[in-house]
Colleague: 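Would you mind keeping the following structure in view while I ask a few things?
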Amino acid sequence: MKTLTIILTDGPYISEYAQIAKKIAEAALKRYQVNIFLYLDAVHIPRKGQKPAFFADEGGLFADLAREGAVIRACSRCAAARGYLAEEDGSSQDYPDGIKITSLYDLPVMIQGSDGVITLCR
Amino acid sequence: MKTLTIILTDGPYISEYAQIAKKIAEAALKRYQVNIFLYLDAVHIPRKGQKPAFFADEGGLFADLAREGAVIRACSRCAAARGYLAEEDGSSQDYPDGIKITSLYDLPVMIQGSDGVITLCR
Amino acid sequence: MRSVFYLLDTAPYGSEKAFGLLNAAAVSLGKMEVTVGLYGDGAYLALGDQDSRALAIPNLADILRAYGEMKVIVHEPSVVERGLFSEGLVETVELVDEEAFLEAMEGSDCLITL
Amino acid sequence: MRSVFYLLDTAPYGSEKAFGLLNAAAVSLGKMEVTVGLYGDGAYLALGDQDSRALAIPNLADILRAYGEMKVIVHEPSVVERGLFSEGLVETVELVDEEAFLEAMEGSDCLITL
Amino acid sequence: MMMMMDVFLLTKPPQSERSDLCLKLLARSEKSRLYLAGDGIYHLLSQAGEIPSSCEILASKEDAAARGVVPRRRAEVREDFYERVVEDVMEGDGRFFTF
Amino acid sequence: MMMMMDVFLLTKPPQSERSDLCLKLLARSEKSRLYLAGDGIYHLLSQAGEIPSSCEILASKEDAAARGVVPRRRAEVREDFYERVVEDVMEGDGRFFTF
C-alpha cells in the first residue's frame, strides 16, 4: 500500500491547516497508509479536552483519524517544551489513544517510506 | 500608578514574543502596574510542566511575572478551545497561581485603564 | 486610552486572527472609540458574499453586519491590488485612501494588531 | 523519497522555524539526500557572526557549521535584497542564483517548508 | 510521449512570498495542475496572467464559498477537491509541491 | 514649543508589510524614535534611506548579537533597551506604535 505523510507545524484553531490536514487524511485513508507528523506548535493539536465554542474540536478530529488507522506522531522535543510528557511507550495522558510522542528521527523514516509528502503550515 | 498592558497572541517557543514580553514586563514592573492579556495561541504560554530542552521555560517566566505582581489574564474562549478549563474563580489546574482565565470583556477594561499598550505578535 | 485602532492585515478563515480581532473590537464598543482597519490581506474580510456553512465556522461578513455601529475602514490601495474593487463588499465598510487610513491610525490613542 | 529539500523562508531567532528546520534536516542526513534552501528572510540564517549567548538559546550559525556535510544553498537575490552581500556569511553555505535554486527544488523528490 | 504532470497545492494568498515562489515553479513546468485551497482561493479573484494558460486550476468549493470568492478566471470549483488532490499526489507521474 | 516625540517599536524584518506600514507612519512623524528588537534588528543592515535622518534609532543589544548584525546605519545598540522602551511608552508625550 502506498503511503502519504502529512507534516504540520501550527496549533489548532489559529490556522486552518489542522482542518485541511484532516480532509486530506480522510480522503487518503480510503486507499493509502497515512502518517501525520506533528512538529513545533502542531503538538498542541491532539490535546484532550478541547472545548471550542465556535469550531469543531480539532483534537477530536485527530483522535478519529488515529482510530481510522492514521499513524500520528508528535515530536518529543516540541511536545516536552510545551508540557506534553510521554510515557515509555510514547503514549501521553494528554493525548487520545494511538497518538504518540516520538523522536524527530521518525520524521525522515516516514518521509523515506512515503510516496507523497504534504507540509501544511503558515 | 501608571499602567502598561501587553497583549500577546503567539504560543511559547514558536516566536520570541513571550520572551520579549517578559523583558518589557520586568522593566515595567519596577515602576508601573503591568497587565498581560493572553489571546489566541498565547493561552498556551502559562501552562505548567513545560520542559524545553534548549530554551528557558516560558511558563515559568510568566509564573515569575505573576508573583512579581503582573496581572495576567487569558481569554476564556481561546483557553477553552485549547483545552484549558477554568474554575469558578478563573484559576486553572493547568496554570500557575495568580494567572487566571477570564472573559474577553476584560481586555477593553485593561486597555481603557492603561497609559501604554503594546501588542506583540507575528 | 479613549480610542483604539484594531488593525487586521491577515486574510479571514486562513487564520483565527480575523475572528479574534472582530471579537476584541466588538467587546470594546461602547467603552472606547473603536476603529477597525483592514489593510493588506485584511481587505479580503470585506468581501460581501461569504458563506462559511460548509466549513462549520462563523461567517465573518455577518459579524461585520451584526455590529453595524462598528467603524470599519478599508485601505483602498489594498482593495485595488487584490482585485476586490469590482467585487461586492460588505455595506458597513468604508473605503478610504491611504492618507485617511494612516490618519485614522495616528488619531487613535492605541494600536492593536493581532 | 530519496531526496528532500528543506525550504526556510523565515528569519532565525524571531521564530522557532529555523531551529526546527535545521533539526529536521540534520536527522535526515545519511538517510536521504538533503538540501537546505535559504530563501527570502531565511537568508538571514547565513550571517556568520551570530552570538546568541545573551538570549540563552542555541546559536544557529554554529548548527550550520556543526553539520558541514549538509548542503545549504542560499538564494542570491534574497541575499542582495537584504543587504547581506557584503556581510560575512557562514562558510559552509553556497550562494546560488535563482535558476540554480529553483532547479534544486525541482530536482528533489519532496519539498518541506516549515 | 506523454509529458509528466506537475502538481501544485497552494494555500497562500496572492501577495505572499510563498505564492510568488509557487508561481515561479509553475511557470517553469511544461504541464501542470494547480490546486487552490484555504487562502489560496484568493488567486481566483485576479485575472492577471501569472498562471500559464495551459495550467489546469482546481479550487476547493467550501473554501471558496466561505471567502465569498467567485472565480474571475477559469477554474473548476469542486466538492471532491481533496480526493482529487490526494489522487494526484499519490498517483501522479510528475513533481508535487505544496506552498 | 517642544515638538512631541512619536515612538515606534518594530520587531519585523525589512521586507515585511508591517515594517512598510511602520515606516510609512514614521515618515509622517515630525520627531520620532525607533526601537528595533527581535527581527526588527535586520533594519540595521541596510543603509537605505527609508528612515528619516532625524529619527533616533535604538536597538536591542542581545537581539543584534544573536543575529550577527553589525549596524550599517547610525544606531544606539543598548543593553538597557527594554528599560528605555518602557520609559518612552509610559512617559512619552507623543504617539506610540508597535509593529
Side-chain angles (χ1 to χ4, degrees), chain C residues 7-22 38-66 72 74-93 95 98 101 114, chain E residues 8-23 26 34-53 55 57-85 97-99:
Chain C
L7 177 75
L8 179 70
D9 60 2
T10 48
Y13 303 106
S15 98
E16 196 186 3
K17 290 191 171 186
F19 182 61
L21 188 130
L22 287 177
L38 309 182
Y39 185 86
D41 286 344
Y44 290 122
L45 178 60
L47 276 169
D49 206 21
Q50 300 170 36
D51 177 357
S52 58
R53 280 172 299 176
L55 293 183
I57 57 180
N59 182 321
L60 301 181
D62 284 351
I63 295 181
L64 282 179
R65 292 192 184 96
V72 183
V74 198
H75 181 245
E76 193 172 285
S78 301
V79 167
V80 173
E81 284 163 21
R82 281 160 184 77
L84 301 174
F85 202 77
S86 50
E87 305 287 331
L89 302 184
V90 173
E91 311 70 40
T92 59
V93 154
L95 271 179
E98 175 147 310
F101 196 91
L114 300 188
Chain E
F8 297 82
L9 170 59
L10 178 57
T11 64
K12 304 296 180 293
Q15 264 76 9
S16 75
E17 191 180 54
R18 290 207 185 156
S19 284
D20 284 351
L21 186 51
C22 180
L23 295 180
L26 190 62
L34 173 63
Y35 285 92
L36 299 174
D39 289 340
I41 286 296
Y42 293 116
H43 287 271
L44 294 176
L45 280 169
S46 139
Q47 309 226 41
E50 292 153 8
I51 303 177
S53 59
C55 175
I57 305 176
L58 286 85
S60 158
K61 188 173 180 186
E62 67 259 35
D63 291 354
R67 288 164 178 79
V69 168
V70 178
R72 302 301 175 193
R73 59 163 98 223
R74 70 199 152 67
E76 277 184 63
V77 180
R78 298 186 69 108
E79 221 157 333
D80 65 348
F81 178 88
Y82 289 103
E83 281 77 11
R84 293 291 306 271
V85 173
F97 300 98
T98 329
F99 285 98

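Just so it is clear, the model here is predicted, and its values are computed rather than measured.
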Colleague: If you look at every heavy atom in C:Asp41 and E:Pro13, which pair is closest and at what distance?
Modeller: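 So the two residues come closest at OD2-CG, 3.2 Å.
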Colleague: So for C:Arg82, is it side chain, backbone, both, or neither that comes closer than 4.5 Å to the heavy atoms of chain E?
Modeller: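 Both parts, backbone and side chain.
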Colleague: Got a sec: does the CZ of C:Arg53 have more than 12 other heavy atoms crowding it under 6.0 Å?
Modeller: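 Open.
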Colleague: Begin with the C-alpha distance, continue with both residues' side-chain angles, and end with the deciding distance and a verdict on side-chain contact (heavy atoms from CB on, under 4.5 Å) for E:Tyr42 and C:Leu84.
Modeller: CA-CA 10 Å; E:Tyr42 293 116; C:Leu84 301 174; 5.8 Å; no
Colleague: In sequence, state the C-alpha distance, the side-chain angles, and the governing distance for E:Arg67 and C:Gln50, and then conclude on side-chain contact (heavy atoms from CB on, under 4.5 Å).
Modeller: CA-CA 5 Å; E:Arg67 288 164 178 79; C:Gln50 300 170 36; 5.7 Å; no
Colleague: Could you pull out the closest heavy-atom pair between E:Asp39 and C:Ala11, with the gap in Å?
Modeller: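 So the two residues come closest at OD2-CB, 3.6 Å.
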Colleague: Testing the basics here: between C:Ala54 and E:Glu62, what is the closest heavy-atom pair and its distance to 0.1 Å?
Modeller: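 So the minimum-distance heavy-atom pair works out to CB-CB, 3.5 Å.
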Colleague: Who are the salt bridge (Lys or Arg N to Asp or Glu O under 4.0 Å) partners of C:Asp62, not counting sequence neighbours?
Modeller: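 Counting only residues at least two positions away or on another chain, C:Asp62 forms a salt bridge (Lys or Arg N to Asp or Glu O under 4.0 Å) with C:Arg65.
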Colleague: Let me confirm one number: the CG-OG distance from E:Leu45 to C:Ser86, rounded to the nearest 0.5 Å.
Modeller: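 If we round to the nearest 0.5 Å, E:Leu45:CG and C:Ser86:OG are 8.5 Å apart.
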Colleague: For the candidates E:Gly40, E:Gly68, E:Ser16, which exhibits the highest count of non-hydrogen atom pairs separated by less than 4.5 Å from chain C?
Modeller: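 Looking at each of E:Gly40, E:Gly68, E:Ser16 in turn, E:Gly68 comes out on top.
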Colleague: Any salt bridge linking E:Arg72 with C:Glu87? Criterion: basic side-chain nitrogen under 4.0 Å from a carboxylate oxygen.
Modeller: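 Looking at C:Glu87 together with E:Arg72, the answer is yes, because their closest N to O distance falls below 4.0 Å.
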